Amino acid sequence: MVLCVLKRRLLRSSSCALMGRLQRQSRGCVYSSIHGFSHEEIREKLQAFPGGSVDLLKHDSGIAVLTINNPARMNAFSGSMMVDLKERVSQLENWSEGKGLIVHGAAETFCSGSDLNAVRAISNPQDGMKMCMFMQDALTRLLRLPLISVALVEGRALGGGAELTTACDFRLMTSGSVIQFVHKHMGLVPGWGGAARLVRIVGSQKALKLLGGALKVDPELGLDIGLADEILEADQGAATALQQAENWLSRYTKGPVPVIHAVKKVVLAGRELPLSEALRTEKEVFGTVWGAPANLQALASKSKHK
Ligand SMILES: CC[C@H](C(=O)O)C(=O)SCCNC(=O)CCNC(=O)[C@H](O)C(C)(C)COP(=O)(O)OP(=O)(O)OC[C@H]1O[C@@H](n2cnc3c(N)ncnc32)[C@H](O)[C@@H]1OP(=O)(O)O
């Protein structure tokens with residue numbers, strides 16, 4: 001008897017440890033002081049480069065819209081917008097009713113990466129790497145949100161803007177839009193985590209071509225290589241691209257919040273963890289929905305899946 005109590009306690013503590021690991025991971029924290037990363041220090045430095053904003057609008061439907069808003073600079077990220085971004089991601093981490101997220105740019109263009117004026121001012125390696133760690137942390141937390149996320153690409157997504165598209169679960173491209181990893185032309189490689197995520201989305205060979213060739217990805221090529229999930233045609237006078245994106249996303253966010261969160265968590269585990277840990281995490285997440293209200297309601301309704 002004592003043995004099985006101990007075993008149950010051990011099991012509970014190890015699964016809590018696993019859930020804790022995924023929770024900690026899902027809260028981001030890619031870097032800490034051991035990597036020479038001081039959030040407050042780089043935050044202060046970035047704030048010295050003002051301009052534009054990152055705006056968040058949450059709808060009762062459980063879908064939020066994050067707008068990269070610096071149209072005078074083709075929605076380039078100023079330093080203060082990088083700080084804004086992390087604050088909006090933190091708000092979304094705490095949005096208990098959230099199910100979906102659309103990331104898009106103002107004035108029908110997505111984002112042209114870092115503000116080159118800010119880049120020139122922090123072009124020393126130390127500051128560059130601190131900005132890189134700050135944005136990698138923000139975008140990793142964005143991707144790990146328990147929401148199903150979509151990058152709505154209109155106009156151009158260049159450099160860091162292309163990297164931002166890879167920090168969403170899906171990418172919808174409007175006709176005429178372009179995703180381009182221009183880093184090579186700048187003597188750079190992605191620094192916001194875009195290379196690591198791109199390899200996981202399209203595979204290493206296609207990633208090598210997109211980065212090595214700084215290729216312009218139009219919607220057709222995007223669909224062909226798996227970087228884009230849908231092309232949104234500009235229907236004259238019909239729904240705007242944002243409304244089309246919300247309609248597209250709502251197919252996957254219908255249902256109770258805990259179930260949508262659980263769906264994202266088990267996919268996150270499958271995407272990021274070694275198989276055994278992913279299976280254990282799946283079991284833990286399954287345990288949160290098995291016998292929960294949505295499950296009991298479905299059982300009571302004897303619904304048929306025609
Ligand atoms: C890890 C990420 C990486 C890094 O941080 O190192 C980067 O993201 S580096 C930045 C990569 N992005 C670019 O190099 C894009 C530069 N911009 C362009 O190629 C063009 O502006 C383009 C193609 C986006 C639009 O061209 P178009 O002719 O249609 O418009 P303009 O060029 O006249 O642009 C209008 C206005 O916006 C300013 N602008 C555009 N992009 C940026 C930017 N990234 N940083 C700062 N400002 C930007 C441009 O200067 C114009 O302003 P104006 O005052 O009229 O000169």
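Nothing here was measured: the structure is a model prediction, and the numbers come from that model. Whatever order the structure lists them in is the order used to number ligands and atoms, beginning at 1.
At under 3.5 Å, not a single nitrogen or oxygen of H183, backbone or side chain, sits near a nitrogen or oxygen of ligand 1. Between G113 and ligand 1, no pair of N/O atoms sits closer than 3.5 Å. Of the N or O atoms in M186, none lie within a sub-3.5 Å distance of an N or O in ligand 1. Geometrically, ligand 1 and W192 share no nitrogen or oxygen pair separated by less than 3.5 Å.
For atom 28 (O) of ligand 1, no protein heavy-atom neighbour is found at a distance under 4.0 Å. Less than 4.0 angstrom separates atom 20 (C) of ligand 1 from none of the non-hydrogen atoms of the protein. Within a 4.0 Å radius of atom 55 (O) of ligand 1, the protein has no heavy atom. By the definition of a contact as any protein heavy atom under 4.0 Å away, atom 6 (O) of ligand 1 is in contact. Within 4.0 Å of atom 41 (N) of ligand 1, at least one protein heavy atom is present. For atom 32 (O) of ligand 1, no protein heavy-atom neighbour is present inside the 4.0 Å cut-off.
With a heavy-atom cut-off of 4.0 Å, S112 touches ligand 1 through backbone and side chain alike. Contacts between A72 and ligand 1 below 4.0 angstrom, taking non-hydrogen atoms only, involve the backbone exclusively. Residue-level proximity to ligand 1 for H185 is absent, since no heavy atom of it falls below 4.0 angstrom.
At least one heavy atom of M131 sits less than 4.0 Å from an atom of ligand 1.
Applying the ring-ring contact (aromatic ring centres under 6.0 Å, His included) test to residues at least two apart or on different chains, the pairs with a partner in residues 276-301 are F286-W290.
Side-chain contact between F181 and L215 is absent, with no heavy-atom pair separated by less than 4.5 Å.
Annotation: cation-pi pair K86/F134 present, NZ/CZ under 6.0 Å from the ring centroid and within 45° of its normal.
Under the rule for a salt bridge (charged side-chain N to carboxylate O under 4.0 Å, His left out), the partners of D169 that lie at least two apart in sequence or sit in another chain are K264, R271.
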